[in-house]
Amino acid sequence: DAGVTQSPTHLIKTRGQQVTLRCSPISGHKSVSWYQQVLGQGPQFIFQYYEKEERGRGNFPDRFSARQFPNYSSELNVNALLLGDSALYLCASSLRQGNEKLFFGSGTQLSVL
Amino acid sequence: DAKTTQPTSMDCAEGRAANLPCNHSTISGNEYVYWYRQIHSQGPQYIIHGLKNNETNEMASLIITEDRKSSTLILPHATLRDTAVYYCIVSSSSNTGKLIFGQGTTLQVKP
């Protein structure tokens with residue numbers, strides 16, 4: 001079975017641009033979470049979506065937004081990119097909102113120049 | 001802020017047991033202890049979790065103290081492929097989509 005897939009794997013943008021990252025959860029998983037991982041630090045929670053509704057939001061500015069589609073895939077959008085947005089963006093899925101295990105994708109490496 | 005404290009780094013000889021400690025003195029009664037690891041350039045991988053009893057699976061064992069204020073992850077026979085950053089996380093099982101990661105412990109398995 002396919003794991004969590006994220007696209008693209010790498011992305012280079014310039015300051016002020018907008019970016020959309022995509023995530024396909026494991027088949028049957030209805031919960032998707034997004035994390036940002038800056039080099040040398042642990043992942044930081046951005047959003048959680050379950051059954052297409054936002055169920056949690058981390059301490060990130062309104063430039064960050066996300067949505068979940070009827071097939072449970074998800075997109076993370078970041079507007080007005082800053083240099084500090086350069087990071088590995090991780091998507092994780094689970095069967096339910098409160099499931100014990102999160103399954104992570106390999107992430108999208110975003111570089112903002 | 002993370003609710004756990006872990007050593008920054010540890011070394012282990014290949015084939016020996018790796019014991020990774022974690023302090024979580026403010027853990028609540030309904031919070032579980034979760035362990036994930038992250039191998040370079042990959043997403044975190046779930047290892048094991050527990051509430052108050054010791055747990056074992058095909059990857060590792062988790063020993064939780066009786067007062068639940070600390071725990072130890074044990075990799076019984078470490079291999080070079082176990083070199084990774086190991087994260088200890090406490091979280092309510094009602095919403096494990098939102099995990100608070102700390103800095104983790106970088107485990108280096110040496111030949």
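Residue numbering restarts at 1 for every chain, and letters A, B, ... go by the order of the sequence lines. These numbers were taken from a predicted model, which means no experiment stands behind them.
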Heavy-atom proximity to chain B below 4.5 Å, by part of A/Q37:
side chain
Where does B/Y36 contact chain A at under 4.5 Å (heavy atoms): side chain, backbone, both or neither?
side chain
Just wondering, are more than 12 heavy atoms of other shown residues or ligands nearer than 6.0 Å to OH in B/Y32?
no
Is it the backbone or the side chain of A/Q41 that comes under 4.5 Å from a heavy atom of chain B, or both, or neither?
both
Measure up the A/H29 and A/F103 rings against each other and bin them: parallel (under 30°), tilted (30 to 60°), perpendicular (over 60°).
tilted
Under 4.5 Å heavy-atom distance to chain B, tell me which part of A/Y49 shows up: side chain, backbone, both or neither.
neither
Can you name the nearest heavy-atom pair linking B/D82 to B/H77, along with the distance?
OD2-O, 4.1 Å
Any donor-acceptor N/O pair, B/R68 side chain to B/E31 backbone, under 3.5 Å
yes
If you count heavy-atom pairs under 4.5 Å between each of A/G56, A/S33, A/G42, A/P43 and chain B, which one has the most?
A/P43
Can we say A/R57 and A/D62 salt-bridge, meaning some charged N sits less than 4.0 Å from an Asp/Glu carboxylate O?
yes
When only pairs under 4.5 Å are counted, which of A/Y50, A/F45, A/F47 shares the most heavy-atom pairs with chain B?
A/F45
